[in-house]
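The next block holds one structure in the form of structure tokens; read it before the comments.
One is the number of the first residue; the rest follow in order along the sequence.
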Amino acid sequence: MSKFDSSQVSEFCIEGRFLDFAIKDGYKLKGLLLATAEGECYVKLAKDLRAAFNLELAKGTWLQVVGEKTLDLKTGEVKLKASRVMAGGIGGDRETGGQGDKGTRETRGTRGKATILVCQKSDCMKRGGDGVCRALESALSDRSLSNEVTIKGTGCMKNCKAGPNLVMPDKTRYSRIQERQVPALIDKHFADKIQKSENQREVVISTLRKL
């Protein structure tokens, strides 16, 4: 029996609240977990969509997902693969993935935090992972970014001998990171946020001086 005889392929369109990302090897984005009217479901993202997400999507965000559904006629197993992801609910016609990358930034940049992934496995921890996490927290706090950027521990990133390993929100990966290098990394990857924070601080100071 051929593959086409044993499976049934059709289009699907579902809407639900975003629960979490499905991550492989500690940092590779594979899909989305959604809470729908029928229950929780996993939707695999097409490769071109994965690059559009940088792990800043706020949990609870309503999404509408369109793609291909494959039903295994033998086992009854259903697999969903997304080709488009859009903001769901009222006015949900803005794309949040694929060619709608601009919509992605607008939707997620205002609702969610940027996320720095840090490997928490023992090899990375032995090589200074704890110190790197503390340095990240300190650098973010010093730049008033603690409310905009979060640090998330992950499983093994498959590069143990080159630890500590971390992945920035734009998916840039760093290995053998030392504590002293952290401030420069934060300045490099969050220059816009730092400048915005400094501008806001100057406005506050200027306002206080006028009182």
Side-chain angles (χ1 to χ4, degrees), residues 18-34 42-59 61 63 65 67 81-87 94-121 123-125 127-129 132-133 135-137 139-140 143 145-179 181-197:
F18 170 69
L19 295 177
D20 207 348
F21 288 106
I23 305 295
K24 182 180 179 181
D25 296 336
Y27 70 99
K28 295 179 182 178
L29 174 61
K30 303 299 288 186
L32 307 174
L33 295 175
L34 300 176
Y42 165 71
V43 182
K44 182 179 180 180
L45 291 174
K47 289 184 179 180
D48 60 331
L49 276 180
R50 297 173 197 171
F53 290 91
N54 64 357
L55 305 181
E56 292 182 13
L57 185 61
K59 293 182 179 180
T61 300
L63 297 177
V65 184
K81 185 175 182 180
S83 58
R84 293 176 64 199
V85 179
M86 299 163 285
R94 291 181 299 166
E95 290 194 13
T96 61
Q99 296 180 351
D101 187 38
K102 181 177 181 181
T104 302
R105 296 193 191 96
E106 292 174 353
T107 300
R108 291 180 287 114
T110 58
R111 297 184 184 182
K113 291 185 177 182
T115 303
I116 301 173
L117 303 178
V118 184
C119 180
Q120 298 290 292
K121 298 300 286 185
D123 282 347
C124 281
M125 290 295 99
R127 289 176 168 81
V132 168
C133 287
L136 285 169
E137 292 173 351
L140 292 173
R143 291 157 179 76
L145 296 179
S146 297
N147 291 329
E148 297 188 52
V149 184
T150 186
I151 303 167
K152 181 177 180 180
T154 73
C156 183
M157 292 185 179
K158 309 299 182 182
N159 196 23
C160 302
K161 293 182 179 180
N165 293 287
L166 63 85
V167 179
M168 302 302 283
D170 63 0
K171 297 186 179 180
T172 302
R173 179 170 177 168
Y174 292 95
S175 299
R176 296 190 175 90
I177 290 298
Q178 299 179 22
E179 291 181 47
Q181 297 174 304
V182 168
L185 286 181
I186 296 300
D187 290 339
K188 175 182 177 181
H189 287 272
F190 300 101
D192 291 344
K193 291 182 182 293
I194 292 171
Q195 185 61 51
K196 180 180 178 181
S197 177

Could you walk me through whether L140 and I151 pass the side chain to side chain contact (heavy atoms under 4.5 Å, CB included) test, one step at a time?
CA-CA 10 Å; L140 292 173; I151 303 167; 4.0 Å; yes
Could you please spell out the steps behind the side chain to side chain contact (heavy atoms under 4.5 Å, CB included) verdict for F21 and T115?
CA-CA 12 Å; F21 288 106; T115 303; over 6 Å; no
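Note that OG1 of T150 is 12.0 Å distant from CG of L145, once rounded to the nearest 0.5 Å. Atoms CG and CG, on L166 and L136 in that order, are 6.5 Å from each other to the nearest 0.5 Å. Within the model, atoms CG of L45 and CG of L29 stand 5.5 Å from one another, a figure rounded to the nearest 0.5 Å. The distance from atom CZ of F190 to atom CG of D170, rounded to the nearest 0.5 Å, is 8.0 Å. The NZ atom of K28 sits 12.5 Å away from atom OG1 of T154, with the distance rounded to the nearest 0.5 Å. Between the NZ atom in K152 and the SG atom in C133 there is a gap of 14.0 Å [rounded to 0.5 Å].
Taking all atoms of both residues into account, the shortest heavy-atom contact from I186 to I116 is CD1-CD1, 4.0 Å. Between G67 and S83, the shortest heavy-atom distance links the atoms CA-OG, 3.6 Å. For the residue pair G31 and Y42, the shortest heavy atom distance occurs at CA-CE1, 3.8 Å. The minimum heavy-atom distance linking E148 with K193 is given by the pair OE1-NZ, 3.5 Å. Nearest heavy-atom pair across R143 and P183 is NH2-CB, 3.6 Å.
Partners of Q178 according to the side chain to side chain donor-acceptor pair (under 3.5 Å) rule, which considers only residues two or more places apart in sequence or in another chain, are R180. By the salt bridge (charged side-chain N to carboxylate O under 4.0 Å, His left out) test, K24 pairs with no residue at all, sequence neighbours left out. Among residues two or more places apart in sequence or in another chain, the salt bridge (charged side-chain N to carboxylate O under 4.0 Å, His left out) test is passed with D123 by none. A search for side chain to side chain donor-acceptor pair (under 3.5 Å) contacts involving R173 returns Y27, not counting sequence neighbours.
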Below 3.5 Å, can you tabulate the donor-acceptor pairs from side chains in residues 155-164 to any protein atom, sequence neighbours excluded?
unit_1	atom_1	unit_2	atom_2	d
N159	ND2	N165	OD1	3.4
N159	ND2	S175	OG	3.0

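Counting only residues at least two apart or on different chains, the ring-ring contact (aromatic ring centres under 6.0 Å, His included) pairs with a member in residues 157-179 are Y174-H189.
Taking 4.5 Å as the limit, every side-chain heavy atom of I23 sits out of range of all side-chain heavy atoms of L117. Within the 4.5 Å cutoff, no side-chain heavy atoms of L63 are placed close to those of M86.
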